[in-house]
Enquirer: 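Have a look at this one.
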Amino acid sequence: MSEQPEPDQAPQQGHPPVPVPVHPYGAQFGVAPMPLNNNLGWAIASLLICWPFGIPSLIKALQVSSLWYQGQADRAQLAADEAKKWGKIGVIVGACAYGAMVLLFVAYFVFLFAIIGAGISATVR
């Protein structure tokens with residue numbers, strides 16, 4: 001019998017097939033293989049110090065990776081920047097609030113000791 005290719009197979013040309021290059025990390029064209037910094041640290045610090053600003057920061061920080069792997073690098077960068085912005089606002093507002101609270105406690109105790117001291121000195125005379 002003669003060797004003829006079957007109808008659904010292409011005839012052999014004599015050249016071995018060229019292997020398709022495989023990228024080990026599955027990088028997409030135009031997108032760097034390393035994901036962005038999602039600023040999750042700012043989000044967690046803001047969540048612990050001042051939670052009203054920490055919640056939007058955490059939401060934006062968690063969106064960064066999914067947007068990055070969908071190939072939306074510009075939206076991922078925008079979400080990372082928003083997460084950092086809200087995280088910094090939360091840390092600054094929270095630190096100022098805690099500082100003001102400490103100053104009020106100090107002023108309260110100074111006032112309390114002044115009243116007690118004035119009362120003691122008035123009864124001694």
Side-chain angles (χ1 to χ4, degrees):
M1 289 189 136
S2 66
E3 283 199 29
Q4 293 188 0
E6 294 183 21
D8 56 321
Q9 291 181 350
Q12 297 286 335
Q13 298 293 329
H15 297 286
V18 177
V20 177
V22 177
H23 299 285
Y25 300 111
Q28 298 175 3
F29 179 76
V31 177
M34 188 87 153
L36 295 173
N37 180 7
N38 59 5
N39 297 307
L40 190 59
W42 281 108
I44 292 172
S46 178
L47 195 63
L48 293 174
I49 294 175
C50 185
W51 64 267
F53 295 107
I55 291 174
S57 179
L58 184 65
I59 290 170
K60 290 294 184 180
L62 294 176
Q63 288 177 349
V64 172
S65 293
S66 66
L67 289 171
W68 180 263
Y69 289 119
Q70 290 174 7
Q72 301 175 3
D74 54 343
R75 290 185 64 198
Q77 182 64 48
L78 182 64
D81 293 341
E82 288 284 318
K84 189 174 186 178
K85 177 185 79 171
W86 284 109
K88 283 185 176 182
I89 289 172
V91 168
I92 290 169
V93 168
C96 289
Y98 283 121
M101 186 174 63
V102 167
L103 287 176
L104 286 175
F105 275 127
V106 169
Y108 172 74
F109 284 114
V110 167
F111 179 74
L112 185 66
F113 289 136
I115 295 293
I116 293 173
I120 291 174
S121 65
T123 58
V124 172
R125 289 186 184 179

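Model, not experiment: these values are computed from the prediction. Numbers here are sequence positions counted from 1.
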Enquirer: Just how far is it from atom NZ of Lys84 to atom OG of Ser46, taken to the nearest 0.5 Å?
Expert: 14.0 Å

Enquirer: Output the rest of the hydrophobic cluster of Leu58: all Ile, Leu, Val, Met, Phe, Trp and Tyr residues reachable through side-chain heavy-atom contacts under 4.5 Å, sorted by chain and number.
Expert: Leu40, Ile44, Leu47, Leu48, Trp51, Ile55, Ile59, Leu62

Enquirer: List the residues meeting salt bridge (charged side-chain N to carboxylate O under 4.0 Å, His left out) with Lys85, not counting sequence neighbours, and say none if there are none.
Expert: Glu82

Enquirer: A side-chain contact here means heavy atoms from C-beta on lying under 4.5 Å apart; do Ile120 and Ile116 qualify?
Expert: yes

Enquirer: Please determine whether side-chain contact (heavy atoms from CB on, under 4.5 Å) holds for the pair Leu104 and Tyr108, giving the CA-CA distance in whole Å, both sets of side-chain angles, and the decisive distance to 0.1 Å.
Expert: CA-CA 6 Å; Leu104 286 175; Tyr108 172 74; over 6 Å; no

Enquirer: Would you name the heavy atoms of Ala43 and Ala61 that are closest together and state the gap between them?
Expert: CB-CB, 4.3 Å

Enquirer: Over all heavy atoms of both residues, which pair between Ala83 and Ser57 is shortest? Give the atoms and the distance, please.
Expert: O-OG, 2.8 Å

Enquirer: Measuring from Gln70:CD to Ser65:OG, what's the distance to the nearest 0.5 Å?
Expert: 11.0 Å

Enquirer: Transitive ILVMFWY cluster of Val93 at side-chain heavy atoms under 4.5 Å: who else is in it?
Expert: Phe53, Trp86, Ile89

Enquirer: What are the two closest non-hydrogen atoms of Leu36 and Ala73, and how far apart are they?
Expert: CD1-O, 4.3 Å

Enquirer: Hydrophobic clustering (ILVMFWY, side-chain heavy atoms < 4.5 Å, transitive) - are Val102 and Ile92 grouped together?
Expert: no

Enquirer: What heavy-atom pair brings Ile49 and Ala95 nearest, and what distance separates the two atoms?
Expert: CG2-N, 3.9 Å

Enquirer: Ignoring hydrogens, what is the shortest heavy-atom contact between Asn37 and Asn39? Give both atom names and the distance.
Expert: OD1-N, 3.1 Å

Enquirer: Any chance you could measure Lys60, atom NZ, to Asp81, atom CG, to the nearest 0.5 Å?
Expert: 11.0 Å

